[in-house]
Amino acid sequence: MQRETWVREFAPELRAAARSSFAVRRVPPRSMRTLVGGAVRPRPGDVVLARIARLGHHRHIEQPHGRRSALHVDDLIIVAYADRYATDQFESYVPRHLGPVNLVASGGIASEAHTRSRAVRAATDIVPIGLIGDEAGRPLNVADFRLPTVDTAGERPRTIAVLGTAMNAGKTTTIRHLAHGLARAGARPGVTKVTGTGSGNDYWVMLDAGAHMMLDFTDAGLASSFRQPTSVLEEVTAQLIGNLTVGGCGVNLVEIADGLLQQDNRRLLQSERLHDLIDAVVFAASDAMGAVQGVSILTDFGFDVVAASGTMTASPLAAREAEAALGIPVWGIPELGDARAVAPVLGVPASLLHEPAELPLPAWPVDMLNPEATLAVASSDTAAELVAQAAAERADVPAAGLFRPVMP
């Protein structure tokens, strides 16, 4: 007998028990009205209610508002189907059925793990209960809740792309510190990640760094960009940069995930539309040789690579090797955060920058960063002297009787 599709109400008790994930953060809970199962083939981006069957590598799930929630066997979670390409973790694909599958990313991605790095455990096993649908039983997809389309034909701010040799080469860290320095200087940096797998960490860390606006491909309707047509990635990139522009950003910082050898990336990097959107590139690498090869590839593709960075800068020797071979600046974390130094190299107008506001003075008069200054004192007499001196300068300092000296 041929299996048929079934639809039933997404009961309130299930809605209360299910944990939503970052990958479906734009899907409003009020739209989740039915469960759809049976002879259904899930599509990338489809939202699914699933049960944790066995804990593996991913033992937490990123909730829509940033909290990492610990998982337990038999927990119910709401995640999105998507393919994943992660050389340090999993290669996985959306299955043709609603059978048992894996949780392959803590951002909330469900698919079948085909290969994995030996550096990680086997993937967590999950059992789909049903696709989540609307009132009419139509399965909900992340793409249904993407940002409105904006006109991308007008002028835009200076737009800098950050690419790298591979996963974990330091791309996100590079953008984070560029954004922090530019934000402190008043440049209103906008940040977007246009490819990769939905991850809350990448999103929240940019807002914490002071980004004027942060968007990623989930805002454009993709739970993951792996195996998406180049035309889709072009439009996603254009729309995300367009939304940063209309949002009032003074400079746009764009991350393209994974490495230059990833096939989706290679096709995108040869796109004329992408070249029209990117003004300059900062390249992140884990070693000097990778930096040299990566910059060579990007230069051959026609990009203006103006600086290098990445995890290689943890080694001053590796950074000097790369700088000598490349003939462009190699920036570590301190240099990335110096907006006055990086702006001319990136082509960011000096008119966007102002001097950072002075930090407020500490409430306690002792310089806590001075190794010669300490609150550990040899006797109560010395402690009393310190308090008396402070009280003369600040009337609100506690009385000597409230100060307990730290004995050696």
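The figures that follow rest on heavy atoms only: side chains count, while hydrogens, waters and symmetry mates do not.
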Colleague: Going by distance alone, is a donor N or O of one side chain under 3.5 Å from an acceptor N or O of the other, for S199 and N201?
Modeller: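 Side chains of S199 and N201: no pair found under 3.5 Å.
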
Colleague: Report the residue from Q89, E112, H114 that forms a side chain to side chain donor-acceptor pair (under 3.5 Å) with R84.
Modeller: Q89

Colleague: Could you check if a side-chain atom of V162 sits within less than 4.5 angstrom of a side-chain atom of F283, using non-hydrogen atoms only?
Modeller: no

Colleague: Considering non-hydrogen atoms only, spot the tightest contact between A343 and L353 and give its length.
Modeller: CB-CD1, 3.6 Å

Colleague: Identify whether the distance between the nearest side-chain nitrogen and carboxylate oxygen of D46 and R41 falls below 4.0 Å.
Modeller: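 Result for this pair is no, no salt bridge flagged.
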
Colleague: How long is the straight-line distance from CD of Q293 back to CG of D287, given to the nearest 0.5 Å?
Modeller: 11.0 Å

Colleague: Checking side-chain polar atoms at under 3.5 Å, does E255 have a donor or acceptor matched by the opposite partner on T172?
Modeller: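 Distance-only check passes for E255 and T172.
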
Colleague: Just how far is it from atom CZ of R26 to atom CG of D144, taken to the nearest 0.5 Å?
Modeller: 12.0 Å

Colleague: Under a 4.0 Å threshold between the charged nitrogen and the carboxylate oxygen, would D134 count as salt-bridged to R33?
Modeller: no

Colleague: If you count heavy atoms of other groups shown closer than 6.0 angstrom to CD of E13, is the number above 12?
Modeller: yes

Colleague: In Å and rounded to the nearest 0.5 Å, what is the CG to CD distance from D276 to E234?
Modeller: 10.0 Å

Colleague: Return yes when atom CE of M167 has more than 12 non-hydrogen atoms of other residues, nucleotides or ligands closer than 6.0 Å, and no otherwise.
Modeller: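 Counting neighbours around CE of M167, more than 12 heavy atoms of other residues, nucleotides or ligands fall under 6.0 Å, so yes.
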
Colleague: Determine whether the side chains of D125 and N102 contain a donor N or O and an acceptor N or O closer than 3.5 Å.
Modeller: yes

Colleague: Closest heavy-atom contact between A211 and V191?
Modeller: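 So the two residues come closest at CB-CG2, 3.9 Å.
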
Colleague: Less than 4.5 Å apart, side chain to side chain, heavy atoms only: is that true for L35 and L131?
Modeller: no

Colleague: Taking only distance into account, with no hydrogens and no angle test, what donor-acceptor pairs under 3.5 Å do side-chain atoms of residues 298-306 form with protein atoms, sequence neighbours excluded?
Modeller:
from: T299; atom 1: OG1; to: V295; atom 2: O; distance (Å): 2.7

Colleague: So V345 and W331, do their side chains get closer than 4.5 Å, heavy atoms only?
Modeller: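 SC-SC contact between W331 and V345 confirmed.
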
Colleague: Is any side-chain heavy atom of T159 less than 4.5 Å from a side-chain heavy atom of I241?
Modeller: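 SC-SC contact between T159 and I241 confirmed.
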
Colleague: Within the structure provided, determine whether V48 and I132 are in side-chain contact (heavy-atom separation under 4.5 Å).
Modeller: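 Side chain of V48 against side chain of I132, heavy atoms only: no contact under 4.5 Å found.
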
Colleague: Say you draw a straight line from OG of S224 to OH of Y85; how long is it, rounded to the nearest 0.5 Å?
Modeller: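 That separation rounds to 12.0 Å.
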
Colleague: With a 4.5 Å limit on heavy-atom distance, are the side chains of R273 and T152 in contact?
Modeller: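 Touching, per the 4.5 Å side-chain cut-off.
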
Colleague: Is any NZ, NE, NH1 or NH2 atom of the basic residue among R67 and E62 found under 4.0 Å from an Asp or Glu carboxylate oxygen of the other?
Modeller: no

Colleague: Please say which of T245, D279, N252 ends up in a side chain to side chain donor-acceptor pair (under 3.5 Å) with R156.
Modeller: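 Exactly one pass, corresponding to D279.
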
Colleague: Rounded to the nearest 0.5 Å, what separates atom CD1 in I61 from atom CD1 in I78?
Modeller: 9.0 Å

Colleague: Can you name the closest pair of heavy atoms from T124 and R54 and give their distance?
Modeller: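 Shortest heavy-atom contact: CG2-O, 3.1 Å.
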
Colleague: Among K193, R25, R146, which one satisfies salt bridge (charged side-chain N to carboxylate O under 4.0 Å, His left out) with D219?
Modeller: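 Of the listed options, the one satisfying the test is R25.
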
Colleague: Output yes when a side-chain donor or acceptor of N243 lies under 3.5 Å from a complementary backbone atom of L240, and no otherwise.
Modeller: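 It does not hold such a pair.
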
Colleague: Is there a side-chain contact between N168 and T311 (heavy atoms, below 4.5 Å)?
Modeller: no

Colleague: For R51 and D74, run salt bridge (Lys or Arg N to Asp or Glu O under 4.0 Å): C-alpha distance rounded to whole Å, both residues' side-chain angles, the deciding distance at 0.1 Å, then the answer.
Modeller: CA-CA 5 Å; R51 176 179 62 83; D74 291 334; 3.0 Å; yes

Colleague: As an exercise, state the distance from CD1 of I52 to CG of L71, rounded to the nearest 0.5 Å.
Modeller: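 Separation between the atoms: 4.5 Å.
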
Colleague: List the steps, then state whether salt bridge (Lys or Arg N to Asp or Glu O under 4.0 Å) holds for D258 with K171.
Modeller: CA-CA 9 Å; D258 302 312; K171 299 180 294 297; over 6 Å; no

Colleague: Hey, does T173 have a side-chain heavy atom less than 4.5 Å from the side chain of H177?
Modeller: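 A side-chain contact under 4.5 Å exists here.
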
